[in-house]
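Side-chain atoms are counted along with the backbone in the values below, which use heavy atoms only and exclude waters and symmetry mates.
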Amino acid sequence: MNTTPQPDPRDRPARLTVGVVGAGRVGPALAASLQLAGHRPVAVSAVSDASRRRAGQMLPDVPVVPPAEVLERSELVLLTVPDDALPELVAGLAETGAVSPGQLLVHTSGRYGAKVLDPALRAGALPLALHPAMTFTGTPVDVQRLAGCSFGVTAPDELRLAAEALVIEMGGEPEWIAEENRPLYHAALALGANHLVTLVAQSLELLRTAGVGAPDRMLGPLLGAALDNALRSGDAALTGPVARGDAGTVAAHVAELRRHAPGTVAGYLAMARATADRALAHGLLKPELAEPLLGVLAGPSDAAGGTGDTPGDTT
């Protein structure tokens, strides 16, 4: 066993002081991860009681101060606020002179690239967009989840290596996203991850209504296998009554959903139509079976049912 003393991360060269503007679920986790790499969190801004508690848990002993003071104390600043609040925050910080020349300014929005930081760039900041493709809980487990997590990286060409190096220090995998592709990139992630939660939650509710005592235990292996198959095989992994063209089964599903959960009908029909289109395009759904199926799916959705999504029978 190697008994040679290992260097303390804090003794590494070029370590940065780190500040966080917005102690939501993301910022404290990234700052804690950077701390493990030897950087030094020195300030965090937090407004709500929940964000203050989160900052205290994830970044103990780091003072909570106003955003302008976070920038004053920090060489690397994480702007981890909601997407819609980011442009106004950046403009305000630049207008008030809070931004320092040479300061690394990092936002974590999936929607925006580096151009949203242009007001800070004109003030001399170095703009980086580093978006972790991960859901966050606001607890220390998030730091562990960053290991191997992909980050959508956008930055000026001369800062690309610096941006990618920061991601690697947090344990992530940098994935370069062109500025003009950021909205599409973010839409793709939202389509898969955000809507998945809605689908699973509605499936759990329906199983409980059907009398299943442990719907989470039932769905876990099924959904895990479906996700693994989809990631490995794409559309070739499609299965279930829609892909098979079982119009009678799909009609029965719709009738039961109208009776027990009308709010899920519109989503079920929309997802089933999308599944049918993909199954047809990839030769999984026979054309002669598609016509009656599409006839069922063309039926009017429940006008009072909302726009929620629900999965069909995937077995």
- Message: If you count every heavy atom of other residues, nucleotides or ligands that lies below 6.0 Å from Asp84 atom CG, does the total exceed 12?
- Response: no
- Search all heavy atoms of Gly172 against all heavy atoms of Pro174 and return the closest pair with its distance. O-CD, 3.9 Å
- Query: Which atom names give the shortest non-hydrogen contact between Ser51 and Ala23, and what distance separates them?
  - Reply: CB-O, 3.2 Å
- Item | Co-membership, hydrophobic cluster, residues Leu89 and Val44, 4.5 Å side-chain | no
- Lys/Arg N to Asp/Glu carboxylate O, Arg208 vs Glu205, below 4.0 Å: no
- Answer yes or no: is there an ion pair linking Arg232 with Asp228, defined by an N-O contact shorter than 4.0 Å? yes
- Message: Just checking Glu180: does its CD atom have more than 12 heavy atoms from other residues, nucleotides or ligands closer to it than 6.0 angstrom?
- Response: yes
- Task: Please report the closest heavy-atom contact between Val70 and Val65, naming both atoms and the distance.
- Result: CG2-CG2, 3.6 Å
- Query: Taking C-beta and beyond as the side chain, do Leu293 and Leu297 meet within less than 4.5 Å on heavy atoms?
  - Reply: yes
- Task: Tell me, yes or no, whether the heavy-atom count around Glu88 atom CD, taken from other residues, nucleotides or ligands under 6.0 Å, exceeds 12.
- Result: no
- Message: For a side-chain contact (heavy atoms from CB on, under 4.5 Å) check, start with the C-alpha distance between Val167 and Leu130, then their side-chain angles and the critical distance, and finish with the verdict.
- Response: CA-CA 8 Å; Val167 170; Leu130 308 179; 4.0 Å; yes
- Message: I'd like to know if Val18 and Leu128 are part of one continuous hydrophobic network [Ile/Leu/Val/Met/Phe/Trp/Tyr, side-chain heavy atoms within less than 4.5 Å].
- Response: yes
- Query: Within a radius of less than 6.0 Å around CZ of Arg73, do more than 12 heavy atoms belonging to other residues, nucleotides or ligands occur?
  - Reply: yes
- Verify same cluster id: Leu30, Val64 (apolar side-chain graph, 4.5 Å): yes
- Item | His253 side chain near Pro241 side chain, heavy-atom distance below 4.5 Å | yes
- Item | His131 and Tyr185 aromatic centres sub-6.0 Å | yes
- d(Leu93 CG, Leu105 CG) to nearest 0.5 Å is 7.5 Å
- CD1 of Ile168: more than 12 outside heavy atoms within 6.0 angstrom? yes
- Query: Does a side-chain heavy-atom distance below 4.5 Å link Pro132 with Thr108?
  - Reply: yes
- Would you kindly say whether Thr17 and Glu75 are connected by a side-chain donor-acceptor distance under 3.5 Å? yes
- Message: Asp142 vs Met134, test: side-chain contact (heavy atoms from CB on, under 4.5 Å). Steps then yes/no.
- Response: CA-CA 9 Å; Asp142 294 333; Met134 177 57 62; over 6 Å; no
- Task: Starting from the C-alpha separation in whole Å, work towards a yes-or-no answer on side chain to side chain donor-acceptor pair (under 3.5 Å) for Glu169 and His39.
- Result: CA-CA 10 Å; Glu169 285 196 315; His39 300 287; 2.6 Å; yes
- Check: Arg182/Thr154 side-chain N/O donor and acceptor closer than 3.5 Å: yes
- Give, for atom CG of Leu238 and atom CZ of Arg278, the distance between the pair rounded to the nearest 0.5 Å. 7.5 Å
- Item | Connected via hydrophobic side-chain network under 4.5 Å: Phe151 and Leu16 | yes
- Message: As an exercise, state the distance from OG of Ser109 to CG of Asp83, rounded to the nearest 0.5 Å.
- Response: 3.0 Å
- Item | Atom pair CG/CG of Leu78 and Leu34 - distance to nearest 0.5 Å | 6.0 Å
- Does Glu175 CD have over 12 foreign heavy atoms under 6.0 Å away? no
- Task: Report the C-alpha distance between Tyr112 and His107 in whole Å, list the side-chain angles of each, state the deciding distance to 0.1 Å, and finish with yes or no for side chain to side chain donor-acceptor pair (under 3.5 Å).
- Result: CA-CA 9 Å; Tyr112 293 108; His107 80 71; over 6 Å; no
